[in-house]
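These notes are about the structure you will find just below.
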Amino acid sequence: MHTVKAIYPGTFDPLTNGHLDLIARGAKIVDQLVVAILKNSEKGTPLFTVPERVEMITEATRSVGNVSVATFDGLLVDFCKEQGAKAVLRGIRAISDYEYEFQMAMMNRKLDPELETLFMLPAEKYTYVSSRLIKSVFHLGGDVSTLVPPLVVERLKAKAGDHFGRAKTT
Ligand code: PNS
């Protein structure tokens, strides 16, 4: 039987409802979807550790049967090969995402001509949502509770509590 396994790679610092929307869409069209967190991101110091991110994504995707969570290091094409995955799933929110995504997809194709990149569009209500903006708005006191899963809101609050030396429950 012909089954398709795809990797949905990213930093996920933290997971947003935009990511979750894309995971749900991707899981409908591939047989197995692996959400893969890059361990050594070049994006600077992350807010959440890799194990924290694994936990949050695992919890938030628990109800989707064909989704699993993994971590990877090094080249994405090597990880895909290791996993026996034929495709990479990526979301494009707006034209501004396109150039970066195009370059990555083409570089991955250069590195492994057999690997395909699938692009999907998240729901339009999430087109402006990014992990970077979530962190920034949350730290400035804004309400992000409709843009990330409840567990992520809890964890953001706990981090803020740690940071300011307050009780974790505040
Ligand atoms: O959602 P993000 O944080 O923009 O994801 C970026 C990610 C993890 C997909 C990208 O940085 C990646 O694949 N890194 C692994 C290193 C690699 O394979 N680089 C060459 C391909 S451009």
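Both counts, for ligands and for their atoms, begin at 1 and track the order of listing. All residue numbers in this chain count up from 1 along the given sequence.
- No donor-acceptor pair under 3.5 Å is formed between the side chain of Asp112 and the backbone N or O of Asp78.
- Between Asp13 and the options Lys135, Arg155, Lys43, a salt bridge (Lys or Arg N to Asp or Glu O under 4.0 Å) holds for only Lys135.
- Ile95 CD1: 12 or fewer foreign heavy atoms inside a 6.0 Å radius.
- Every pair passing side chain to side chain donor-acceptor pair (under 3.5 Å) that includes a residue from residues 97-108 is listed here, sequence neighbours excluded: Arg90-Glu101, Arg93-Asp97.
- For Lys39, the NZ atom counts as densely surrounded, since its 6.0 Å shell holds more than 12 non-hydrogen atoms of other residues, nucleotides or ligands.
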Measure from every N or O atom of ligand 1 to the protein's N or O atoms and keep only the pairs below 3.5 Å, writing each with atom names and distance to 0.1 Å.
{"from": "ligand 1", "atom 1": "1 (O)", "to": "Arg90", "atom 2": "NH1", "distance (Å)": "3.1"}
{"from": "ligand 1", "atom 1": "3 (O)", "to": "Thr11", "atom 2": "N", "distance (Å)": "3.3"}
{"from": "ligand 1", "atom 1": "3 (O)", "to": "Thr11", "atom 2": "OG1", "distance (Å)": "2.4"}
{"from": "ligand 1", "atom 1": "3 (O)", "to": "Lys43", "atom 2": "NZ", "distance (Å)": "2.7"}
{"from": "ligand 1", "atom 1": "4 (O)", "to": "Lys43", "atom 2": "NZ", "distance (Å)": "3.4"}
{"from": "ligand 1", "atom 1": "4 (O)", "to": "Arg90", "atom 2": "NH2", "distance (Å)": "3.3"}
{"from": "ligand 1", "atom 1": "4 (O)", "to": "Tyr100", "atom 2": "OH", "distance (Å)": "2.9"}
{"from": "ligand 1", "atom 1": "5 (O)", "to": "Arg90", "atom 2": "NH1", "distance (Å)": "3.2"}
{"from": "ligand 1", "atom 1": "18 (O)", "to": "Leu76", "atom 2": "N", "distance (Å)": "2.8"}

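- In this structure, the side chain of Thr61 engages the main chain of Ile57 through a donor-acceptor pair within 3.5 Å.
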